[in-house]
Amino acid sequence: MYRTFAIGTLIAAPLIVMAIQNFVPQTPPGEQLGAAEQIAAPPTPGTPPPVVPVAPTAAPAYSAPNDAGKPVSGAGEPMLTTSGTDSVTAPMPVNPADAPPGSPNAEI
C-alpha cells in the first residue's frame with residue numbers, strides 16, 4: 001500500500017505544480033529584478049540623529065522576602081516519607097503456580 005502511495009505521489013506532485021503554475025500570474029522575463037537590484041540602497045551619510053537621554057528606570061515592583069538568603073525549612077529532608085507504607089505493599093507470590101494468570105510472575 002505504501003509503494004502505491006509513493007508512486008502516486010511521485011507522479012501527481014509534478015502535475016499539481018504545473019497546474020498551479022498555469023493559474024498563478026507570472027512576471028514577464030524582462031521585469032524580473034536581479035539580486036543586486038533587490039537589495040536596498042545604502043543610507044546616505046548625513047548627520048546622525050540626536051541622542052535622546054534615557055531616564056533612569058524605577059525600582060522593580062518585586063521585592064525579596066525578608067528571609068532571603070536563609071535556607072528553606074525542610075531542606076535536605078526527603079520529599080516523600082516511607083513511614084506507614086509497609087502495610088500497603090502486596091505480597092509477592094513465591095511459587096509461579098500461585099501467581100495470578102497473565103502475571104509476569106506466572107511465567108516459568
Side-chain angles (χ1 to χ4, degrees):
M1 182 164 162
Y2 174 76
R3 184 175 180 212
T4 55
F5 173 75
I7 292 171
T9 302
L10 289 175
I11 293 172
L15 295 175
I16 293 171
V17 170
M18 287 189 300
I20 291 175
Q21 286 178 348
N22 286 334
F23 297 113
V24 176
Q26 298 286 328
T27 57
E31 293 182 17
Q32 291 180 349
L33 299 177
E37 295 172 352
Q38 290 178 359
I39 299 174
T44 57
T47 58
V51 178
V52 178
V54 178
T57 59
Y62 172 76
S63 62
N66 294 336
D67 59 350
K70 296 179 183 176
V72 177
S73 63
E77 297 177 8
M79 296 275 299
L80 299 173
T81 60
T82 57
S83 63
T85 58
D86 294 337
S87 63
V88 178
T89 59
M92 297 295 294
V94 179
N95 188 1
D98 295 338
S103 170
N105 296 329
E107 298 176 0
I108 297 177

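All figures in this text were calculated on a predicted structure; none of them were measured in a lab.
- Leu10 belongs to no multi-residue hydrophobic cluster, having no ILVMFWY side-chain contact under 4.5 Å with any other such residue.
- As a member of the Ile/Leu/Val/Met/Phe/Trp/Tyr network built from side-chain separations under 4.5 Å, Ile16 groups with Ile20, Val24.
- Hydrophobic cluster membership for Tyr2: none, as no Ile, Leu, Val, Met, Phe, Trp or Tyr side chain comes under 4.5 Å of it.
- By the rule that hydrophobic residues join a cluster once side-chain heavy atoms approach within less than 4.5 Å of another member, Val17 and Ile11 end up as members of separate clusters.
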